[in-house]
Every structure is written in structure tokens, then in C-alpha cells.
Amino acid sequence: MPALSDAPDPVRRGAPMAEAGPATLSADRAALLAELDLYLAEGDRLIRQAEILRGAMERAGAPEGHRLLATQVLLALDRLQLGMRRQRAALETVAEPVPAAAGRRPWQIWFGPAARGSL
């Protein structure tokens, strides 16, 4: 599995949004989803490790306060993981933006083309 630092940075790569075409936007979205997958995999690994450590604390007879704190940390990790999964699902379902029609000003969409000599 690649390291998190090897993931492409969707913020710094590609053309600016004004110059970006549909292919660039799709590539940026794919890179962002790939990066989120790496974070989710890392989160799953951390949660498994936290569960193992919490079980070891219970078997070792750790004080109740320590076990409660370990449980709270594990719940916080689960909530973060759930939030990232929801964000990834939302990014998958969002439609690609439709580029504006070339050569038309925003007011022309509403009021039609300008009269001759008005501009």
C-alpha cells in the first residue's frame, strides 16, 4: 500500500479552475478520492490497533478510568472515520460542474443579447 505522502495533491496540481476542462476536473476528483481511500485505510489500521490495545488493557486489569478513556478515544476515531466515509460518498455522487456557454455574459442568459450600439 502506498504511503500517504505519495498521494497526489489535488489542490496544487492541474490547471486553475478557470482553465480546467471536464477531463481535468475528473482527474482531480479521482486523485482526491484516491487520497481519501488512503486516509480511510490508515484510519482502519489505527482503529484496529486501538481495539487491540483496549483489549490488552482490559486483560491486564487496567483501572476503570484508563479503560473508559481508551473507549472514548476509540469512539472518537470511529466518528472521524464515519465522517470521512460520508465525505467520500458525497464526493462520488456530486455531478461534474457544467461549463458556462462560451461568449455569453451572465446577464445575456437572463435578458438576451444586447441591442446594437448599447455596448
Side-chain angles (χ1 to χ4, degrees):
M1 177 169 63
L4 291 177
S5 61
D6 296 339
D9 186 3
V11 175
R12 294 189 182 145
R13 69 178 275 280
M17 290 302 285
E19 301 172 12
T24 305
L25 292 174
S26 296
D28 287 345
R29 180 176 291 178
L32 182 61
L33 289 174
E35 185 178 10
L36 275 174
D37 287 338
L38 290 174
Y39 287 132
L40 288 169
E42 180 71 11
D44 288 337
R45 186 187 66 77
L46 289 172
I47 289 172
R48 278 194 308 274
Q49 184 179 2
E51 288 172 343
I52 291 169
L53 291 174
R54 185 183 63 175
M57 288 175 67
E58 290 175 2
R59 286 188 299 277
E64 183 181 2
H66 294 182
R67 292 190 315 247
L68 286 174
L69 183 60
T71 302
Q72 287 178 345
V73 168
L74 189 56
L75 287 173
L77 288 173
D78 282 336
R79 284 188 198 112
L80 287 171
Q81 193 75 349
L82 179 63
M84 283 195 295
R85 288 189 195 284
R86 286 180 179 164
Q87 182 67 26
R88 189 187 190 293
L91 285 173
E92 283 181 334
T93 59
V94 172
E96 292 286 337
V98 178
R104 298 201 49 152
R105 295 178 186 97
W107 59 267
Q108 287 177 332
I109 295 170
W110 288 93
F111 302 110
R116 182 162 237 178
S118 66
L119 289 178

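- Here Arg88 pairs with Asp37, Glu92 under the side-chain hydrogen bond (donor to acceptor under 3.5 Å, both in side chains) rule; sequence neighbours left out.
- Between Glu42 and Arg45, at least one side-chain N (NZ, or NE/NH1/NH2) sits under 4.0 Å from a carboxylate O, which counts as a salt bridge.
- Between Leu91 and Gln87, some side-chain heavy-atom pair lies under the 4.5 Å cut-off.
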For residues 74-83, run the donor-acceptor check on the side chains, cut-off 3.5 Å, and write out each pair with its distance to 0.1 Å, sequence neighbours left out.
| residue | atom | partner | partner atom | Å |
| --- | --- | --- | --- | --- |
| Gln81 | NE2 | Leu40 | O | 2.8 |
| Gln81 | NE2 | Asp44 | OD1 | 2.8 |

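- To the nearest 0.5 Å, atoms CG (Leu38) and CD (Glu35) are separated by 7.5 Å.
- A 4.5 Å side-chain heavy-atom check between Gln72 and Leu69 finds at least one atom pair inside the cut-off.
- Cluster annotation: Ile47 and Val73 are assigned to the same hydrophobic cluster (Ile/Leu/Val/Met/Phe/Trp/Tyr, side-chain heavy-atom contacts under 4.5 Å, transitive).
- Going from atom OG1 of Thr71 over to atom CE of Met57 covers 8.0 Å, rounded to the nearest 0.5 Å.
- Of all heavy-atom pairs spanning Ala62 and Arg67, the tightest one is O-NH1, 2.8 Å.
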